[in-house]
Amino acid sequence: ACFTGCLGGVGVESFERQVLARLPLAEAVWVLLRHVASDALLARLFEEHRGTGSERDVSFGLLVRLVADALLDHAGSGRQGFQAAREAGILTATVEAVYGKLRRLPLSLSQAFLREATRRLREVLPGNGRELSPGLRRFRVVIVDGKKLKNLPKRLKPLRAVTGKVLA
């Protein structure tokens with residue numbers, strides 16, 4: 001509503017299209033997110049790894065979208081994101097029900113989601129055309145996030161004397 005009033009009558013859909021046209025990286029991120037976490041994939045994963053869980057009030061697909069929205073739009077605050085979804089009519093269950101659903105998710109479902117999402121992201125990575133040198137071919141190549149863990153206590157005795165930060 002604010003976009004319509006603030007932009008002199010330009011509709012929200014029109015505004016979003018203009019933003020995406022000017023920000024191809026933003027569009028690429030949203031397209032990748034839709035590809036990696038498609039409704040069909042999420043439904044299949046839930047059926048395969050549901051255990052005793054049900055999708056009565058909150059589906060697994062909705063849960064994934066709510067968590068993504070909380071991370072992207074609400075600085076990581078699940079409560080703010082879930083409340084915003086309730087106010088928008090996207091979420092009919094209570095905020096406590098969403099937290100309960102998160103708490104009861106089987107570990108195998110989380111692992112399957114991470115595995116499948118990673119596989120789908122790798123599908124779109126461009127090949128660099130380079131092979132490993134013969135001496136490294138026996139190793140398995142793993143792509144990792146280069147995030148640094150700050151202020152991590154060094155509880156392992158061999159690490160106590162080591163200076164520097166731990167990489168994730």
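It should be emphasised that the depicted structure is a prediction, and the values quoted were computed from it without experimental measurement. Just so you know, these numbers use all the heavy atoms, side chains as well, and skip hydrogens, waters and symmetry mates.
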Exercise: identify the closest heavy-atom pair between L63 and K101: CD2-CG, 3.7 Å
Single-linkage hydrophobic cluster Y99~V58, side-chain heavy atoms < 4.5 angstrom: yes
Validation row: D39, R65 side chains within 4.5 angstrom (heavy atoms): yes
Shared hydrophobic cluster for L102 and L66 (ILVMFWY, side-chain gaps under 4.5 Å): yes
Worked check of side chain to side chain contact (heavy atoms under 4.5 Å, CB included) between L62 and I90: CA-CA 9 Å; L62 176 60; I90 297 168; 3.8 Å; yes
Reference residue T118; test side chain to side chain contact (heavy atoms under 4.5 Å, CB included); the match among R115, E116, R122: R122
Linked, directly or transitively: V36 and F46 (ILVMFWY side chains, under 4.5 Å): no
Rounded distance [0.5 Å steps], OG in S38 versus CZ in R44: 8.5 Å
Spacing of L109 atom CG and L114 atom CG [to the nearest 0.5 Å]: 11.5 Å
Passing option when H74 is tested against Q83, Q80, R79 for side chain to side chain contact (heavy atoms under 4.5 Å, CB included): Q80
Shortest non-hydrogen contact between F82 and V67, atoms and distance: CE2-N, 4.5 Å
pair D57-T92: side-chain heavy atoms closer than 4.5 Å: no
Heavy-atom pair of closest approach, residues A70 and S77: CB-O, 3.6 Å
Residue among E48, R50, H49 satisfying side chain to side chain contact (heavy atoms under 4.5 Å, CB included) with S108: H49
Heavy atoms from other residues, nucleotides or ligands near CZ of R119 exceed 12 (cutoff 6.0 Å): yes
Salt-bridge contact E123-R120 (side-chain N to carboxylate O under 4.0 Å): no
Heavy-atom closest pair, residues G61 and L42: CA-CD1, 3.5 Å
L71 with V95, same ILVMFWY side-chain cluster at under 4.5 Å: yes
